[in-house]
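For reference, the structure is listed below as structure tokens.
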Number of protein chains: 2
Amino acid sequence: MRLINRNTDYAVRALSYIARQKEKVVSVSELVSELKMPRPFLRKILQVLNKEGLLKSYKGSGGGFSLAKARDKIFLFDLIKTLQGPVKFNECIFRKSFCPDVKNCALKKKIEEIEKYVVSQLQSITIASLCDNGCKEGAAC
Amino acid sequence: MRLINRNTDYAVRALSYIARQKEKVVSVSELVSELKMPRPFLRKILQVLNKEGLLKSYKGSGGGFSLAKARDKIFLFDLIKTLQGPVKFNECIFRKSFCPDVKNCALKKKIEEIEKYVVSQLQSITIASLCDNGCKEGAAC
DNA sequence: TTATAATGATACCATATTCGTATCATTTGT
DNA sequence: ACAAATGATACGAATATGGTATCATTATAA
């Protein structure tokens with residue numbers, strides 16, 4: 001079981017790269033050649049991040065993307081939520097009609113606790129925190 | 001994103017039911033009629049748990065399954081590992097040749113910490129702990 | 001003003017995973 | 001011998017994941 005899929009992984013790397021360029025607008029072409037990601041796939045991801053307000057986009061020649069927020073205001077949690085769907089560790093797969101005591105389900109309670117912790121951790125990880133730890137070019141950080 | 005899939009969920013419910021029957025051997029037929037699970041799917045799951053040494057099986061008329069270990073020695077972590085594959089939150093999707101600084105990958109480090117916590121929690125949840133919290137018939141607990 | 005370089009939108013596709021079914025073989029108790 | 005149970009295994013449908021392709025739209029710059 002993975003916590004982070006390819007969408008999110010690419011997104012982290014792309015956003016980190018963009019963050020490192022300071023105020024510059026970065027085109028998909030630059031990202032692709034620097035980070036070796038499949039172009040159409042990356043484009044789709046960046047378009048989603050733009051719609052969600054994590055990136056600003058600029059059309060036309062010389063256009064591209066820049067961060068829409070400060071680097072320490074872009075959370076890993078938001079990327080996951082946007083690109084992988086909601087974190088719902090404890091989503092019960094059974095109809096209420098079947099499970100006779102949903103409210104007191106011991107498993108659900110335990111899983112909920114774990115989820116809360118994970119979410120809080122994911123909300124503490126920002127693009128900035130990933131960038132600030134001695135990262136090198138091209139790495140996720 | 002879910003932490004627990006249907007395999008594991010069914011398994012928890014089935015094992016909990018079996019645990020509640022004390023020393024009795026429980027047949028798939030009984031489980032199916034009590035817990036309303038698809039029979040062939042449940043059988044497959046139980047066969048896997050048997051192979052993994054979490055259940056004992058008894059063939060022939062009057063046969064079925066019983067726990068192979070004490071209820072407080074069967075961990076949710078083991079069920080997940082057996083039925084969903086290893087918990088590898090931080091599995092890097094990139095070839096080493098691409099990521100220039102795997103050892104110092106900030107993202108990887110963070111995810112590893114989260115994984116450690118989750119694993120430790122999953123290792124603290126047992127069938128017994130799920131059963132002992134005021135559970136009712138048919139519930140997961 | 002027109003060519004060009006960029007993103008926006010969207011439809012499509014291949015593969016893997018998840019969830020589940022079906023069938024026959026084997027074992028065991030009566 | 002027969003019936004009731006599991007063992008083994010092949011198959012299939014639905015969904016999720018990872019990725020491609022294409023055309024429309026916008027902005028810059030010659």
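Nothing here was measured: the structure is a model prediction, and the numbers come from that model. Every chain is numbered from 1 and lettered A, B, ... according to where its sequence line falls, protein lines coming before strand lines.
Regarding A:I45, its CD1 atom lies at a distance of 13 Å from the P atom of D:dT17, rounded to whole Å. The interatomic distance linking A:K56 (NZ) with C:dA6 (C1') rounds to 18 Å, in whole Å. Between A:K44 atom NZ and C:dT10 atom C1' the separation is 10 Å, expressed in whole Å. The distance from atom CG of B:L31 to atom P of D:dA4 is 18 Å, rounded to the nearest whole Å. The separation between A:I4 atom CD1 and D:dG18 atom C1' is 17 Å, rounded to whole Å. Between B:R2 atom CZ and C:dT17 atom C1' the separation is 11 Å, expressed in whole Å. Between the CZ atom of B:F41 and the C1' atom of D:dA13 there is a distance of 13 Å, given to the nearest Å. Following rounding to the nearest Å, B:L42 (CG) and D:dG7 (C1') show an atom-to-atom distance of 15 Å.
Phosphate proximity of D:dT20 to A:R39: absent, as no side-chain N or O sits under 4.0 Å from OP1 or OP2. For the OP1/OP2 pair of C:dT7 and a distance below 4.0 Å, the side-chain nitrogens and oxygens of A:S27 include no atom meeting the criterion. In this structure, A:N7 does not reach the D:dT17 phosphate: none of its side-chain N or O atoms is under 4.0 Å from OP1 or OP2. A close approach under 4.0 Å does not occur between any side-chain nitrogen or oxygen of B:S29 and OP1 or OP2 of D:dA4. In this structure, B:Y10 does not reach the C:dC19 phosphate: none of its side-chain N or O atoms is under 4.0 Å from OP1 or OP2.
Classification of the B:Y10-B:F41 ring pair by plane angle, with boundaries at 30° and 60°, yields perpendicular.
The structure places CD of B:E112 at 12.5 Å from CG of A:L3, a figure rounded to the nearest 0.5 Å.
Minimum atom distance to the side chain of A:N5 is reached by D:dG18, of the listed C:dG20, D:dG18, C:dT7. The B:R43 side chain lies nearest to C:dT23 when the options are C:dT10, D:dT22, C:dT23.
Judged by distance alone, the side chain of A:T82 and the main-chain N or O of A:D78 form a donor-acceptor pair under 3.5 Å.
Where A:Q47 and B:P40 meet DNA chain C, the nucleotide closest to each residue was compared, and A:Q47 sits on the side nearer the 5' end.
Contact annotation for B:P38: backbone-only contact, meaning every heavy-atom pair under 4.0 Å involves sugar-phosphate atoms and none involves a base. Nucleic acid contact for B:K51: sugar-phosphate only, since backbone atoms but no base atoms lie under 4.0 Å from a heavy atom of the residue.
Between A:R13 and A:M37 there is a side-chain heavy-atom pair separated by less than 4.5 Å. Taking the side chain as every heavy atom from C-beta outward, A:T126 and A:K73 never approach each other to under 4.5 Å. Side-chain atoms of B:L54 and B:V48, non-hydrogen and from C-beta on, never get closer than 4.5 Å to each other. Counting heavy atoms from C-beta on, the side chains of B:I114 and A:L122 come closer than 4.5 Å.
More than 12 heavy-atom neighbours from other residues, nucleotides or ligands sit within 6.0 angstrom of NZ on A:K24.
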Could you pull out the protein-nucleic contacts involving nucleotides 26-30 of chain C (nitrogen or oxygen on both sides, under 3.5 Å)?
from   : atom 1 : to    : atom 2 : distance (Å)
C:dT27 : O4'    : B:K59 : NZ     : 3.2
C:dT28 : O2     : B:S61 : N      : 3.4

